[in-house]
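Each remark here refers to the structure printed beneath this line.
This structure is a prediction, so every number in the text was calculated from the model and none was measured. For ligands, and for the atoms within them, numbers begin at 1 and follow the listed sequence.
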Amino acid sequence: MAKLYTDKDASLDPIKDKTIAVLGYGSQGHAWAQNLRDSGLKVVVGLEREGKSWEQAKKDGFSPMHTEDAVKNSDIIIFLIPDMVQRTVYLERVKPNLRSGNDLVFAHGFNIHYRLIEPPKDVDVYMIAPKGPGPIVREYFVKGGGVPALVAVHQNYSGKALEKALAIAKALGATRAGVIETTFKEETETDLFGEQVDLVGGITQLMRSAFQVLVEAGYQPEIAYYETINEMKMIVDLIYEKGFSGMFKAVSDTAKYGGLTSGKYVIDESVKKRMKEVLEKIKSGEFANQWVEEYGKGVPTLKQGVQELENSLEEKVGREVREISLRGKPKS
Ligand SMILES: NC(=O)c1ccc[n+]([C@@H]2O[C@H](COP(=O)([O-])OP(=O)(O)OC[C@H]3O[C@@H](n4cnc5c(N)ncnc54)[C@H](O)[C@@H]3O)[C@@H](O)[C@H]2O)c1
Ligand SMILES: CC(C)(O)[C@@H](O)C(=O)O
Ligand SMILES: [Mg+2]
Ligand SMILES: [Mg+2]
């Protein structure tokens with residue numbers, strides 16, 4: 001098994017006297033800024049302008065400052081702004097204010113791996129990539145736990161980059177679970193692959209298609225929603241806690257037999273073949289170029305996809321069904 005770093009393998013010492021700039025106060029930014037501060041580290045929040053994030057950061061007790069001021073006042077600069085804006089913010093706000101011995105830190109390897117950002121040689125460049133959404137990084141930390149993370153070092157000018165990455169992982173709560181060392185290449189490619197074919201893309205499409213098949217066959221949409229979308233959480237929770245075998249133990253033999261046979265029929269080798277094509281596009285940089293181009297055009301495909309999803313019957317029914325099913329969800 002890969003080496004797992006836990007709390008006992010990490011110390012806050014290498015960064016305890018440093019000032020840390022968290023750039024961005026969105027999904028990950030709000031979690032990192034608060035977790036690192038609650039762990040006793042000195043955090044400043046850097047933002048482009050006053051707005052929603054600025055107000056939220058103030059509500060959470062920070063005194064946000066403009067990006068360039070945050071960079072000038074810090075030793076460690078953490079990029080928690082969208083991947084597509086990191087290059088411009090780096091070139092315009094960070095690079096002109098960077099000092100020898102600063103650290104550039106990422107939560108995902110996209111900009112370094114695909115060379116959108118090419119840092120100078122006299123800084124450390126490393127990553128702590130949480131393997132979970134930002135709000136959960138905060139929620140688990142507050143409840144005394146932590147979301148697992150990957151760490152990677154791209155540039156080790158100080159010779160202490162890994163120790164600092166582990167220190168941040170500890171302050172974030174990730175070593176309460178477990179942290180594994182990787183490379184920027186491995187993290188970037190696997191993270192993009194997972195979110196595309198499985199976590200974000202695959203699961204959404206699987207549930208929507210199943211919902212649509214039932215509705216198109218004349219079944220009540222609310223029943224289709226309960227069956228194909230709502231119950232997914234309980235099944236995934238069982239897999240999360242007990243593995244596939246544990247989940248199988250909790251369902252009926254009828255579900256096991258039907259699931260094994262029809263599951264392999266629906267998600268067959270042709271699906272795996274297309275997953276491999278997706279991986280190739282990620283590895284070759286084709287997906288990265290496509291995403292940069294889409295972003296340059298003002299994200300028309302992304303906007304259209306999100307709008308189609310928001311207007312879909314499954315979302316409309318979901319809003320109603322969730323009101324009912326969330327009433328039954330335990331509070332803690
Ligand atoms: N969202 C996640 O759960 C998650 C998980 C693991 C890694 N990551 C990585 O973390 C990084 C941050 O992702 P995120 O989803 O938290 O970002 P996000 O979309 O939530 O970031 C929003 C923040 O960025 C700022 N921002 C937006 N546009 C900007 C612009 N043009 N210039 C400057 N600032 C701008 C906003 O004001 C806000 O504070 C990315 O590298 C991402 O791949 C995200
Ligand atoms: C939370 C995810 C999907 O794991 C992350 O990779 C992201 O990009 O948001
Ligand atoms: Mg991810
Ligand atoms: Mg990702």
query: Under the side chain to side chain contact (heavy atoms under 4.5 Å, CB included) criterion, do Ile15 and Ile168 qualify, and how do the steps go?
result: CA-CA 8 Å; Ile15 57 169; Ile168 292 178; 3.7 Å; yes

Residues Trp291, Val299; criterion side chain to side chain contact (heavy atoms under 4.5 Å, CB included); working and verdict: CA-CA 9 Å; Trp291 178 210; Val299 292; 3.7 Å; yes

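Distances shorter than 4.0 angstrom occur between a heavy atom of Gly134 and an atom of ligand 1. At least one heavy atom of Gly132 sits closer than 4.0 Å to an atom of ligand 1. Ligand 1 has no atom lying under 4.0 Å from any heavy atom of Arg49.
Only the side chain of Glu48 comes within contact range of ligand 1, with a heavy atom under 4.0 Å; no backbone atom does. With a heavy-atom cut-off of 4.0 Å, Lys52 does not touch ligand 1 at all.
Closest to atom 30 (C) of ligand 1 by heavy atom, among Val85, Leu80, Asp83, is Val85. Taking all heavy atoms of Gly24, Pro82, Gly46 into account, the minimum distance to atom 21 (O) of ligand 1 is reached by Pro82. Counting heavy atoms only, Ile81 comes closest to atom 12 (C) of ligand 1 of the residues Leu47, Ile81, Leu150.
Remark: minimum distance from atom 7 (C) of ligand 1 to any protein heavy atom is reached at Ala107 O, 3.5 Å. When hydrogens are left out, the protein atom nearest atom 20 (O) of ligand 1 is Ser27 N, 2.8 Å; that is the closest non-hydrogen contact. Counting protein heavy atoms only, atom 2 (C) of ligand 1 is closest to Gln28 NE2, 3.4 Å. Protein heavy atom at the shortest distance from atom 22 (C) of ligand 1 is Gly26 CA, 3.8 Å.
Here is the list of ligand 1 atoms found below 4.0 Å of a heavy atom in Ser53: 36 (C), 37 (O), 38 (C), 39 (O). The atoms of ligand 1 that sit less than 4.0 Å from any heavy atom of Gln86 are 40 (C), 41 (O).
Its N, O or S atom nearest to the Mg ion (ligand 4) is what matters here, and for Glu195 that atom is OE1. Shortest distance from the Mg ion (ligand 3) to Asp191 is reached at OD1 (N/O/S atoms only).
With Tyr225 as the fixed residue, the side-chain hydrogen bond (donor to acceptor under 3.5 Å, both in side chains) test singles out one of Glu320, Glu231, Lys316, Arg322: Arg322.
Heavy atoms of other residues, nucleotides or ligands lying less than 6.0 angstrom from CD of Glu222 number more than 12.
The aromatic rings of His154 and Phe184 sit tilted, their planes meeting at an angle between 30° and 60°. Between Phe106 and Phe79, the ring planes are parallel. Angles under 30° get that label, and only those over 60° would be called perpendicular. The aromatic rings of His108 and Phe110 are tilted relative to each other, their planes meeting at an angle between 30° and 60°.
In this structure, Lys42 does not pair ionically with Asp17, as no charged nitrogen and carboxylate oxygen lie closer than 4.0 Å.
One finds the CG atom of Leu214 at 10.0 Å from the CD1 atom of Ile223 (value rounded to the nearest 0.5 Å). Here the CD atom belonging to Glu163 is positioned 9.5 Å from the OG atom belonging to Ser11, to the nearest 0.5 angstrom.
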